[in-house]
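To keep things clear, I will list the structure first and then write my remarks on it.
As the structure is a prediction and not an experimental result, all values here were calculated from the model. All ligand and atom numbering here is 1-based and tracks the order in the structure.
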Amino acid sequence: MNFYERAPATGALFLLFLKMNKKNLYSYVWFLVIALSLCLSACQPRVSAQSGNKQITVILSLDGFRWDYPDKTYTPNLDQIAADGVKAESMIPSFPSKTFPNHYTIVTGLYPDHHGLVNNSFFNPELNRSYSMGAKDSRFDPAFYGGEPIWITAKKQGLITASFFWVGSDVPVQGMNPDYFKKYDGSIPYINRIDTIIYWLSLPESIRPRLILAYYEEPDGIGHKYGPEDPRTFEAVHEIDSLTGILYKRIKMLAIADSVNFIIVSDHGMGEISPKDVVTLRDYIPEKWPVRIEGGNPIFNLYASDGWVDSAYIALHEVPHIKVWKAGEVPAYLNYGQNPSCGNIVVVADSAWSVNLNRQLIGKSRGTHGYDITDSDMHAIFYASGPAFKQAYSQPTFKNVDIYPLLSHLLGILPAPNDGDLNEIKGMLKNPEIKK
Ligand code: AMP
Ligand code: ZN
Ligand code: ZN
């Protein structure tokens, strides 16, 4: 109850005072006690869902950082964060294990089938338009972005948020962006991103974000180029570890350091491929067939016109080294294929194999991702340290849909409906009391 809600009660008490028998000392004492307590509670600040918790959360994504890179190379900064807080054995991405579907899953708690970014590029039959992360007209169109990203959930509940390049944060989803955000530009050096994050954290409390999302492109790019077992990839992993350490140390130097939860995740891992082991779809689906093909190695969506679905399926389903499903028959553990944007046939290469549209598109890449999420090479990382987290806690492998309810919990806000479950990971929290 705030002051105005208490006003009728205060008025009634005043009327009672006027009618009171002034000789009755007992009534006077009671009147004073009740009036004083009403006055005191009216002067207290309003208690809201947020005000009990003033912690700040910074979540950084390291694109393509495979779960076991720290076992392959020297990552002293991530090791330190694990010692100070939590390290998960691994984090399971959502299918397909691609960048856009997974970054958007992490911030909505929804499987790609449920939020709509079902691949890095796809066709949306309801909008009758293609989406591609590389095509600005579609990437900036909020019509493709379903669900409620955490910055909207937070904003609706009165919190300030910021993002330096998280997928979707520069798009006005539901007409809203984070309060502070940057339009994606991969050429901005990581050190400038760190400066801005520290600047945001140094703002006066009334305008300081309670949630900051940030993104580094590596080690994904180098993993594609040289593969996940190459010393040059390990060197990049080591550099990214240092850049994560710089941010961590600079946060630790802030006056508000004790109230900052720092989380590091990745969107997926990386699998080794060889340019020799490739299936080309055009060898089986002639160009003149009315079958649209979208996606990229190793996951494609086919949109066969009426009457052509069985022909396309028959043409592909016995091809070695790929899995082919009609959209309604994708195995349940992949949570994929119900969204019309998935098309009517889904093709994914077996691990270590590539699938391309045609032979001209076969590149020299030694690594890729997008495979079945039971392939542990696709698994991602999760580290966290701060006042909400236990120390030196080892978290068993969990799914990335659980991050959205975790962020909601850390911010003290009610999550929108989602596919995650905080109970799966509450063991990492010092105080796991869950809001209903
Ligand atoms: P992938 O093909 O799945 O490996 O995608 C990785 C690439 O996604 C990165 O190299 C970035 O260039 C790009 N990327 C990541 N975040 C964004 C963003 N918010 N907007 C546009 N492109 C992005
Ligand atoms: Zn990625
Ligand atoms: Zn990639």
Side-chain angles (χ1 to χ4, degrees), residues 59-67 69 91-108 112 115 117-122 131-142 144-145 149 151 162-173 177-178 181-190 193 213-228 230 233 236-237 240 264-273 294-301 348-349 354-356 361 363-371 373 375 377-382 400:
I59 178 166
L60 168 68
S61 168
L62 311 179
D63 200 318
F65 199 113
R66 195 166 110 172
W67 71 283
Y69 279 159
M91 186 166 77
I92 307 174
S94 299
F95 184 76
S97 43
K98 285 283 187 191
T99 298
F100 270 56
N102 276 283
H103 275 97
Y104 205 59
T105 285
I106 291 170
V107 292
T108 58
H115 63 55
L117 296 188
V118 299
N119 205 332
N120 279 347
S121 53
F122 57 88
Y131 176 95
S132 169
M133 69 176 208
K136 288 194 175 159
D137 59 331
S138 60
R139 180 158 69 76
F140 286 117
D141 186 343
F144 289 100
Y145 296 75
W151 53 85
S163 167
F164 211 122
F165 293 167
W166 200 280
V167 167
S169 65
D170 54 1
V171 180
V173 179
N177 294 98
F181 72 97
K182 307 276 175 186
K183 199 167 156 188
Y184 182 72
D185 173 359
S187 71
I188 302 293
Y190 298 138
R193 306 182 196 193
L213 304 112
Y215 171 75
Y216 295 170
E217 287 81 358
E218 294 295 349
D220 181 74
I222 200 104
H224 280 292
K225 193 167 180 189
Y226 300 119
D230 190 279
T233 300
V237 166
I240 286 294
I264 299 113
V265 293
S266 57
D267 48 349
H268 51 71
M270 187 63 69
E272 185 144 291
I273 53 171
E294 300 275 350
N297 185 27
I299 155 88
F300 284 84
N301 303 87
V348 60
S354 289
V355 57
N356 278 114
L361 287 168
K364 293 188 190 143
S365 290
R366 301 310 303 250
T368 199
H369 52 88
Y371 298 103
I373 53 173
D375 173 355
D377 289 354
M378 295 300 103
H379 288 195
I381 52 165
F382 176 92
N400 68 354

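Counted by atom type alone, Ser121 and Asn119 present zero donor-acceptor pairs between their side chains at under 3.5 Å. Side chains of Asp63 and His103: no donor on one and acceptor on the other come within 3.5 Å. Residues Asn400 and Ser94 bring a donor and an acceptor atom of their side chains to less than 3.5 Å of each other.
Looking at atom 19 (N) of ligand 1, its nearest protein heavy atom turns out to be Phe165 O, 3.5 Å. Looking only at heavy atoms of the protein, atom 10 (O) of ligand 1 is closest to Glu217 CG, 4.2 Å. When only non-hydrogen protein atoms are considered, atom 1 (P) of ligand 1 lies nearest to Thr99 OG1, 3.1 Å. Considering only non-hydrogen protein atoms, atom 7 (C) of ligand 1 sits nearest to Met133 CE, 3.8 Å.
Comment: Asp230 does not engage Lys225 in a salt bridge, judged by the lack of any side-chain N to carboxylate O separation of less than 4.0 angstrom.
Not a single N or O atom of His268, backbone or side chain, sits closer than 3.5 Å to an N or O atom of ligand 1.
Considering just the N/O/S atoms of Asp267, the one nearest the Zn ion (ligand 2) carries the name OD2.
Here the side chain of Asp170 pairs no donor or acceptor atom with the backbone of Asn177 at under 3.5 angstrom.
Of all protein atoms, those of element N, O or S that lie under 2.8 Å from the Zn ion (ligand 3) number 4.
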Test side-chain contact (heavy atoms from CB on, under 4.5 Å) on Trp151 and Trp166 and set out the steps.
-> CA-CA 11 Å; Trp151 53 85; Trp166 200 280; 4.3 Å; yes
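At least one heavy atom of Arg139 sits less than 4.0 Å from an atom of ligand 1.
Annotation: side chain to side chain donor-acceptor pair (under 3.5 Å) contacts of Tyr131 (sequence neighbours excluded): Tyr145.
Closest heavy-atom approach to atom 16 (N) of ligand 1 within the set Phe164, Trp166, Tyr215: this belongs to Tyr215.
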